[in-house]
Amino acid sequence: MSTATEIPSSTMKTKVEKNESAPQQECCKAEPKSSSSSLSALKSFISGGVGGACCVLVGHPLDLIKVRMQTGGATAGASVFGMLSNTMAKEGVRGLYRGVSAPLTAVTPMFAVSFWSYDMGQRMVTSVGQWNMSPEEKAMPYKLSMGEICMAGAISAIPTSAIMIPSERVKCLLQVQANEGGKAKYSGMMDCTKAVLKEGGVSSLYKGTFATLARDIPGAIAYFGTYEILKKKLMEVQGIDPNKGQLSPIAVLTAGGLAGMACWGISIPADVIKSRYQTAPEGKYSGMYDVYKTLIKEEGYGGLVKGMQPALIRAFPANAACFFGMEVSKSLLSFLD
């Protein structure tokens with residue numbers, strides 16, 4: 001995913017310098033630039049999906065534990081590693097990946113759209129920031145402020161949710177089956193999806209939309225904001241020019257992992273409410289606020305941070321894997337540059 005905080009425009013600068021002598025050549029150069037941008041977007045789209053798949057495969061076991069802790073059940077009070085051992089003993093390795101098909105199926109378009117929409121968000125806030133600038137000023141590299149980076153992050157969460165919400169709904173239902181005991185209600189992702197559609201139609205798949213947005217918008221702000229801050233600081237430590245150089249793979253993965261932890265650190269309360277609401281029987285809650293009131297009444301404010309430990313433990317390796325997968329795929333797709 002491209003997370004640069006400035007929009008390089010050396011080609012534009014060259015055009016400004018040659019504007020008086022070759023106006024027709026400037027027009028002719030616009031098409032290759034557009035083609036190059038399209039290929040770059042395709043490269044980000046594909047590599048984002050690869051990175052997202054890596055993220056899910058590495059982080060799903062701890063995501064399973066997080067959801068089970070949040071939604072209750074016989075082992076909800078156990079430690080993270082105690083629940084992992086319990087799951088392994090009772091359900092085997094396959095049990096650790098219960099419900100993985102839903103996020104894995106959705107993750108390629110979800111992460112691809114997320115990375116693409118973050119880039120689009122950067123372009124949008126750049127356009128707004130350059131609104132009253134002269135052509136010469138617009139030709140210069142535009143450095144996004146932290147507020148603009150956060151706004152681009154918030155924008156990225158909105159289109160991504162259209163894919164994420166149904167996937168999260170199915171994933172959570174599959175993950176909490178073991179909490180109920182007895183025979184599993186659903187045999188897999190497709191069986192669960194069919195049952196949800198039969199019970200409540202397409203709208204039932206989007207149950208928890210506002211809760212998901214309440215989680216993902218501030219989470220995306222924290223994610224991209226933290227990543228850009230860490231990226232800048234690591235470049236300063238390594239003596240790298242932010243305009244030209246690139247971080248080492250270890251530094252990129254470190255920044256990505258810590259950014260993931262920041263994202264989940266701020267997202268957990270909304271995630272608890274989302275998980276409870278999405279896995280509850282139809283009619284149990286009237287909405288997000290009803291879930292919140294019931295949770296506080298029965299479990300106190302501590303209930304809002306259930307699952308924090310596995311979420312943070314999962315966040316670092318999962319996001320590190322995401323960035324690693326993305327960088328490898330970008331290298332393989334270098335012919336698109």
Side-chain angles (χ1 to χ4, degrees), residues 49-111 163-199 205 208 253 257 260-261 264 267-268 271-272 274-281 305-322 324-325 328:
V50 173
C54 294
C55 178
V56 171
L57 291 173
V58 171
H60 190 80
L62 284 164
D63 183 71
L64 174 91
I65 300 305
K66 171 185 72 69
V67 171
R68 289 184 175 179
M69 291 181 99
Q70 290 174 341
T71 55
T75 58
S79 68
V80 173
F81 294 105
M83 289 188 71
L84 280 171
S85 299
N86 247 356
T87 303
M88 274 289 292
K90 294 180 179 178
E91 305 173 55
V93 175
R94 186 175 180 180
L96 291 175
Y97 282 90
R98 188 181 294 276
V100 73
S101 54
L104 196 56
T105 300
V107 80
T108 298
M110 183 179 72
F111 272 74
I163 302 169
M164 180 179 290
I165 295 163
S167 168
E168 288 271 304
R169 169 91 155 115
V170 172
K171 181 203 74 172
C172 288
L173 286 171
L174 289 170
Q175 287 178 329
V176 301
Q177 288 185 105
N179 289 350
E180 301 168 2
K183 186 179 179 181
K185 185 177 179 181
Y186 310 109
S187 60
M189 181 186 73
M190 291 306 298
D191 184 43
C192 181
T193 303
K194 289 177 182 177
V196 171
L197 287 170
K198 184 178 180 180
E199 184 178 350
L205 275 178
L253 298 178
M261 293 181 73
W264 278 105
S267 301
I268 280 293
D271 189 59
V272 173
K274 180 198 73 70
S275 295
R276 295 283 178 99
Y277 187 56
Q278 287 186 321
T279 59
V305 293
K306 275 193 171 182
M308 175 75 82
Q309 189 178 11
L312 293 181
I313 294 173
R314 166 189 173 274
F316 192 95
N319 283 280
C322 176
F324 177 78
V328 170

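Residue numbers start at 1 and run along the sequence shown.
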Looking at residues at least two apart in the chain, or sitting in another chain, which of them share a side chain to side chain donor-acceptor pair (under 3.5 Å) with S275? Q70

Would you say the side chain of K66 lies within less than 4.5 Å of the side chain of R314, judging by non-hydrogen atoms? no

Over all atoms of both residues, closest heavy-atom pair of L96 and M88: CD1-SD, 3.4 Å

Considering all heavy atoms of both residues, which atom of C54 and which atom of A321 are nearest to each other, and what is their separation? CB-O, 3.5 Å

Stepwise side chain to side chain contact (heavy atoms under 4.5 Å, CB included) check, L64 with V100: CA-CA 9 Å; L64 174 91; V100 73; over 6 Å; no

Please enumerate all residues that pass side chain to side chain contact (heavy atoms under 4.5 Å, CB included) together with Y186, with sequence neighbours excluded. L173, L174, Q177, D191, C192, A195

Pairing residues for R169 by the salt bridge (Lys or Arg N to Asp or Glu O under 4.0 Å) criterion, not counting sequence neighbours: E282

Supply the atom-to-atom distance F81 CZ to L62 CG, rounded to the nearest 0.5 angstrom. 7.0 Å

Criterion salt bridge (charged side-chain N to carboxylate O under 4.0 Å, His left out) on E91 and R68, from CA distance to verdict: CA-CA 14 Å; E91 305 173 55; R68 289 184 175 179; 3.1 Å; yes

Least distance between heavy atoms, G325 atom then V50 atom: O-CG1, 3.7 Å

Under the rule for salt bridge (Lys or Arg N to Asp or Glu O under 4.0 Å), what residues qualify as partners of K171, not counting sequence neighbours? D63, E168

Of all heavy-atom pairs linking G257 and F316, the shortest is C-CD1, 3.4 Å

Using atom types as modelled and distance alone, determine if a side-chain donor or acceptor of N319 lies under 3.5 Å from a backbone N or O of A315. yes

Non-hydrogen side-chain atoms of I65 and M69 separated by less than 4.5 Å: yes

To the nearest 0.5 Å, tell me how far I313 CD1 sits from M308 CE. 12.0 Å

Rounded distance (nearest 0.5 Å) linking atom CG of D271 with atom NZ of K306: 13.5 Å

Closest non-hydrogen atom pair, F111 against C55: CZ-SG, 4.0 Å

Using side chain to side chain contact (heavy atoms under 4.5 Å, CB included) as the criterion, list what pairs up with L104, not counting sequence neighbours. A53, V56, L57, V107

List in chain and number order the residues that pass side chain to side chain contact (heavy atoms under 4.5 Å, CB included) with M190, two or more places apart in sequence or in another chain; answer none if no residue qualifies. none

Could you tell me which non-hydrogen atom of G208 sits nearest to which non-hydrogen atom of K274, and how far apart they are? O-CG, 4.5 Å

